[in-house]
Amino acid sequence: MRIVIALGGNALLQRGQPMTADTQRANIRVAAERIAAVTPGNQIVVAHGNGPQVGLLALQAAAYHDVAPYPLDVLGAQTEAMIGYVIEQELGNLLPSGQPLATLLTMIEVDGDDPAFGQPTKPIGPVYDPQTAQRLAAASGWTFAPDGDTFRRVVASPKPKRIFEIRPIRGLVEQGTIVICAGGGGIPTMYDQHGKLHGVEAVIDKDLASALLAEQLNADLLVIATDVDGVYTGWGTAAQVRLGRVTPDELAGLDLPAGSMGPKVEAACGFARNTGREAVIGSLTDIADIVTGTAGTRVHAE
């Protein structure tokens with residue numbers, strides 16, 4: 001079975017944890033253990049988030065005034081390589097020595113006319129108290145949005161249109177390589193009026209990019225791994241109920257957060273509708289049960 005696994009940000013950094021290399025490696029080690037458990041007999045492709053890492057690099061760059069801060073597409077490329085390196089190493093320590101692994105920097109095309117550029121919604125970086133967020137907004141021109149009782153920086157999140165490296169990704173998978181790609185939703189790029197490709201100051205949603213990746217790879221299953229065991233109605237209330245096996249139409253009426261569960265459901269529904277196969281939203285710790293069909297919210301076409 002060919003499986004695309006999209007690791008949520010909690011696989012790299014849990015809320016409130018320090019953004020140290022050791023902390024992130026420890027979290028990735030746990031994720032690698034879950035992925036390694038489902039590799040026998042399957043073809044595996046791994047995508048991942050990078051919001052906290054891009055935000056940290058942006059803060060570090062802003063603190064050095066002799067050079068203009070690097071744009072988000074460049075920071076995205078840096079984090080794809082950094083995170084892919086650690087995932088490769090931790091998986092390699094668990095799998096047979098002959099198992100090939102590869103990380104591919106992945107450029108993804110977006111539309112310059114995407115309405116997302118006029119309404120930033122994608123959170124990146126750490127959480128801030130209101131006073132710090134206000135100070136950073138005034139100093140940097142960043143946009144902030146509430147995240148519980150704190151604030152996070154938000155940037156434009158245009159829809160992914162095209163994965164430029166899809167052919168080498170497909171070729172590696174067919175040869176039995178575990179591929180880490182489309183990290184952080186891929187590197188956002190678009191063509192200008194002269195037909196030249198260049199980077200874009202944006203962050204593509206990782207789950208939407210993973211759904212496109214899974215569709216173009218003809219994957220049998222899309223796993224969207226996060227820090228909850230599925231999609232709930234009445235989330236956070238005494239009446240909350242986890243959904244089991246559902247159709248896209250049954251999910252359409254739910255009011256879900258745009259910066260977290262909303263894109264996951266949109267991605268799962270899109271993959272199910274476009275392919276007729278299942279996408280599952282569930283807990284990182286339940287990946288083995290998700291693959292065997294006994295865990296998560298399973299979205300299937302009608």
Side-chain angles (χ1 to χ4, degrees), residues 1-12 27-28 30-49 87 91 160 169 173 178-185 205-235 240-254 256-302:
M1 186 161 58
R2 183 173 295 178
I3 307 169
V4 172
I5 301 174
L7 296 176
N10 65 296
L12 309 177
N27 288 332
I28 289 172
V30 173
E33 291 170 354
R34 308 299 180 182
I35 295 169
V38 299
T39 56
N42 294 313
Q43 296 177 333
I44 303 295
V45 179
V46 180
H48 58 81
I87 293 174
L91 275 174
I169 293 169
V173 171
I178 295 175
V179 180
I180 300 106
C181 60
D205 182 81
K206 169 264 304 175
D207 297 307
L208 296 181
S210 298
L212 179 61
L213 174 69
E215 183 178 342
Q216 295 190 351
L217 287 176
N218 197 29
D220 299 292
L221 180 68
L222 169 62
V223 177
I224 300 177
T226 183
D227 56 355
V228 293
D229 61 352
V231 181
Y232 281 77
T233 58
W235 174 253
Q240 70 179 32
V241 176
R242 185 178 68 81
L243 300 174
R245 196 164 186 264
V246 294
T247 66
D249 286 347
E250 289 171 322
L251 290 171
L254 297 182
L256 300 168
S260 56
M261 190 56 75
K264 293 176 178 20
V265 168
E266 181 183 353
C269 290
F271 176 76
R273 283 195 180 106
N274 293 339
T275 67
R277 294 182 286 276
E278 276 194 341
V280 188
I281 301 170
S283 172
L284 169 67
T285 59
D286 295 337
I287 284 179
D289 292 331
I290 287 172
V291 171
T292 59
T294 59
T297 295
R298 313 187 72 83
V299 186
H300 65 99
E302 296 178 82

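Predicted model, so just to flag it, every value in this text is computed and none were measured. Hydrogens, waters and symmetry mates are skipped; everything else that's a heavy atom, side chains included, is used.
For Ala182 against Ala47, the heavy-atom pair with the smallest separation is O-CB, 4.2 Å. Minimum heavy-atom separation, Ala36 to Leu91: N-CD2, 4.1 Å. For Ala288 against Val38, the heavy-atom pair with the smallest separation is CA-CG1, 3.6 Å.
Within the model, atoms CD1 of Ile224 and NZ of Lys206 stand 7.0 Å from one another, a figure rounded to the nearest 0.5 Å. Here OG1 of Thr297 is found 6.5 Å from CD1 of Ile281. Values are rounded to the nearest 0.5 Å. Distance CG/Asp227 to CG/Leu284: 9.5 Å, rounded to 0.5 Å. Note that the CD1 atom of Ile35 and the CD1 atom of Ile28 stand 9.5 Å from one another [nearest 0.5 Å]. With values rounded to the nearest 0.5 angstrom, Arg2 atom CZ is found 11.0 Å from Ile44 atom CD1. Atom CD1 of residue Ile290 and atom CZ of residue Arg34 lie 11.0 Å apart, to the nearest 0.5 angstrom.
Within the 4.5 Å cutoff, the side chain of Val291 has heavy atoms near those of the Met1 side chain.
For residues 275-288, the set of pairs meeting the salt bridge (Lys or Arg N to Asp or Glu O under 4.0 Å) definition, not counting sequence neighbours, comprises Arg245-Glu278, Glu278-Arg298.
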Would you give me the side-chain donor-acceptor pairs under 3.5 Å for residues 264-274, sequence neighbours excluded?
residue : atom : partner : partner atom : Å
Lys264  : NZ   : Asp207  : OD2          : 3.1
Arg273  : NH2  : Asp249  : OD1          : 3.4
Asn274  : ND2  : Glu215  : OE1          : 3.2
Asn274  : ND2  : Gly270  : O            : 3.1

Apply the test side chain to side chain contact (heavy atoms under 4.5 Å, CB included) to residues Val299 and Val231: give CA-CA distance (whole Å), side-chain angles for both, the deciding distance (0.1 Å), then the verdict.
CA-CA 10 Å; Val299 186; Val231 181; over 6 Å; no

Carefully, step by step, assess Asn42 and Leu221 under the rule side chain to side chain contact (heavy atoms under 4.5 Å, CB included).
CA-CA 11 Å; Asn42 294 313; Leu221 180 68; over 6 Å; no

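Each of Leu217, Val173, Leu213, Val46 was scored for a side-chain contact (heavy atoms from CB on, under 4.5 Å) with Cys181, with one residue passing: Leu213. Residue Ile180 is tested with Ile5, Ile87, Val45, Leu7 for a side-chain contact (heavy atoms from CB on, under 4.5 Å); the sole match is Ile87.
With sequence neighbours left out, Asp229 forms a side-chain hydrogen bond (donor to acceptor under 3.5 Å, both in side chains) with Tyr232.
Formation of a donor-acceptor pair under 3.5 Å by the Thr226 side chain with backbone atoms of Gly8 is not found in this model.
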